[in-house]
Number of protein chains: 2
Amino acid sequence: MSIPDPSWGTHAHTVLEEAGHRRGGARDEVIDLLASQACALSAQDIETALRAQGRAVGRASIYRALDVLVEYGLIKRLEVGRAEACYEPANPGGHHHHHVVCEVCGELAAFDDRELEAAIARLGARLGMHIDDHDVLLRGTCRECAGRVPTATPPQHLHQH
Amino acid sequence: MSIPDPSWGTHAHTVLEEAGHRRGGARDEVIDLLASQACALSAQDIETALRAQGRAVGRASIYRALDVLVEYGLIKRLEVGRAEACYEPANPGGHHHHHVVCEVCGELAAFDDRELEAAIARLGARLGMHIDDHDVLLRGTCRECAGRVPTATPPQHLHQH
DNA sequence: TCTAATAATGGGACTCAGTCTCGGAAACAG
DNA sequence: CTGTTTCCGAGACTGAGTCCCATTATTAGA
Ligand SMILES: [Mn+2]
Ligand SMILES: [Mn+2]
Ligand SMILES: [Zn+2]
Ligand SMILES: [Zn+2]
């Protein structure tokens, strides 16, 4: 999700409405914010962003909205090894991408790979159990950080959190 | 890691010793427990298990031990979408596996797939940045749970935590 | 339009995995 | 042995996420 997809917001609203959910201000704000965003956001990010634009929403409501959206497959929850989870809109068509995280600066980048997806699909078939989702996370050093690191450095240590 | 590998424990002790770490009771207990275990353990699991066998170890020491072990690549940290992380011994040869988690009962199973690893390796090369680790997690429904679920069930929802 | 039923909201207390601190214990080089 | 340094444990602390519940908003139906 490198480019924000404005149509995702309407789609999300529609899905929830058709599922019988009433429309409330808080959840709408969360959806609209996610629709306008290019990159995955944490619950914290969402709270801060909404407050900053004068549309503060209770923390409980943010988590509730995220739960519902995950439930309907409208957003994808990402665990990136940080303390908090991040969320990003999911393409209704099922097309998706995965991420590489820089172990040095924590930057998150997306990539999209047909071959990887194909390998996972075949693997699922081979396992003999029904697989309906998967996560892939690559860890490495981004270009910028690779240039900045002195040559005689001991192996990078990634402390949890 | 379906079968505990007793030699891993000695290997871990050796690596740490050669790296200049002093040998202390707490970390030894953690290593020995991990070496005897077939499945990934959380920090909580470790604390409980050690206490149960009368070898209680401070929580801080458990996390310290896990940090060091991750740092030297001796264990692998797993995020399985639960609240806490899990840890399991890493094969010194670099050979490893990934996991499938059942969305219904939470059971964790390991699998090992050459084709997937090859796809990831090629992908890393294509990305043009140095990748030194990766995670893959499949989510689905295990055989047991597939049999138990009534036919007219709405799509399984996986609530976070 | 009005109303009743019910879903959504938000403040704030609470949980609990993980972190930090610091005084004391153990390891080990010399 | 002894001094230096690392390791250890108790417990205070942090912060993401959860829970509760009184209040407010939505909406189907009269
Ligand atoms: Mn994929
Ligand atoms: Mn792999
Ligand atoms: Zn970087
Ligand atoms: Zn199951």
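Reckoned from all heavy atoms, side chains included, excluding hydrogens, waters and symmetry mates. Numbers restart at 1 for each chain; the letters A, B, ... are given by sequence-line order, proteins then strands. Remember, it's a predicted structure, so these values are computed and weren't measured experimentally.
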Please give, in whole Å, the distance from [N] [atom2] to [X] [atom1]?
X: B/E71; N: D/dT6; atom1: CD; atom2: P; answer: 14 Å
X: B/I62; N: C/dC20; atom1: CD1; atom2: P; answer: 17 Å
X: B/R27; N: C/dA26; atom1: CZ; atom2: P; answer: 16 Å
X: B/R82; N: C/dC16; atom1: CZ; atom2: P; answer: 17 Å
X: A/I46; N: C/dT9; atom1: CD1; atom2: P; answer: 14 Å
X: B/R59; N: D/dG9; atom1: CZ; atom2: P; answer: 12 Å
X: B/D67; N: D/dC8; atom1: CG; atom2: P; answer: 13 Å
X: B/D45; N: C/dC16; atom1: CG; atom2: C1'; answer: 15 Å

Residue whose closest nucleotide on DNA chain D lies nearer the 5' end, B/R23 versus A/H21
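Looking at DNA chain D, the more 5' nearest nucleotide goes with B/R23.
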
Candidate nucleotides D/dC8, D/dG17, C/dG18, ranked by approach to the side chain of B/A26 - the nearest
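Between D/dC8, D/dG17, C/dG18, the one nearest the side chain of B/A26 would be D/dC8.
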
Look at the side chain of A/R22 and decide which nucleotide, out of C/dG18, C/dC20, C/dT6, has an atom nearest to it.
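Selected nucleotide: C/dT6.
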
Show the nearest heavy-atom pair for residues B/S61 and B/A26, with the distance to one decimal.
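Where B/S61 meets B/A26 most closely, the heavy atoms are CB-CB, 3.7 Å.
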
Testing B/K76, B/E88, B/E117 for side chain to side chain contact (heavy atoms under 4.5 Å, CB included) with B/H97, which one passes?
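The option that passes is B/E88.
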
Distance test, side-chain N/O of [X] to OP1/OP2 of [N], below 4.0 Å:
X: A/Q44; N: D/dA16; result: yes
X: A/S61; N: C/dA8; result: no
X: B/Y63; N: C/dG18; result: yes

Once the angle between the rings of A/H21 and A/Y72 is folded into 0 to 90°, is it parallel (under 30°), tilted (30 to 60°) or perpendicular (over 60°)?
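Judged by the thresholds at 30° and 60°, the geometry between A/H21 and A/Y72 is perpendicular.
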
Donor/acceptor link under 3.5 angstrom from B/R64 side chain onto base of D/dG9:
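Counting by modelled atom types and ignoring angles, a donor-acceptor contact under 3.5 Å is found here.
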
Side chains of A/T48 and A/R51: any donor to acceptor distance under 3.5 Å?
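On atom types as modelled, these side chains do not qualify, holding no pair under 3.5 Å.
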
Check the side chains of B/D112 and B/H95 for a donor-acceptor pair under 3.5 angstrom, ignoring hydrogens and angles.
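The answer is yes; a qualifying pair exists.
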
